[in-house]
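Worksheet: the structure to be examined is printed underneath.
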Amino acid sequence: MGKRLKPDAVLKEYWKNNERFADFFNAVLFDGREVIQRND
């Protein structure tokens, strides 16, 4: 059997990408304005 990842581990890995995190929250919270920078 292969190693299965728990959903928490998958989401944690997904959100490690700063650009992805910033793009998502800027879109949802700030109507697409670039308020959160990926380097923050």
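Along the sequence shown, residues are numbered consecutively beginning with 1.
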May I ask whether Val28 and Tyr14 are part of the same hydrophobic cluster, defined by side-chain heavy atoms of I, L, V, M, F, W, Y residues being less than 4.5 angstrom apart, directly or through others?
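Yes, it is one cluster - the side chains of Val28 and Tyr14 are joined through contacts under 4.5 Å.
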
Who pairs with Phe21 by side chain to side chain contact (heavy atoms under 4.5 Å, CB included), at least two apart in sequence or on another chain?
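Counting only residues at least two positions away or on another chain, Phe21 forms a side chain to side chain contact (heavy atoms under 4.5 Å, CB included) with Trp15, Phe25.
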
Value rounded to 0.5 Å, distance of CG in Asn39 from CD in Glu19:
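If we round to the nearest 0.5 Å, Asn39:CG and Glu19:CD are 9.5 Å apart.
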
May I ask you to decide if Glu34's main-chain N or O and Asn26's side chain share a donor-acceptor pair within less than 3.5 Å?
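No: the side chain of Asn26 does not pair with the backbone of Glu34.
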
Are more than 12 heavy atoms, taken from residues, nucleotides or ligands other than Arg38, located less than 6.0 Å from that residue's CZ atom?
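No, CZ of Arg38 has 12 or fewer neighbouring heavy atoms, counting only those of other groups under 6.0 Å.
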
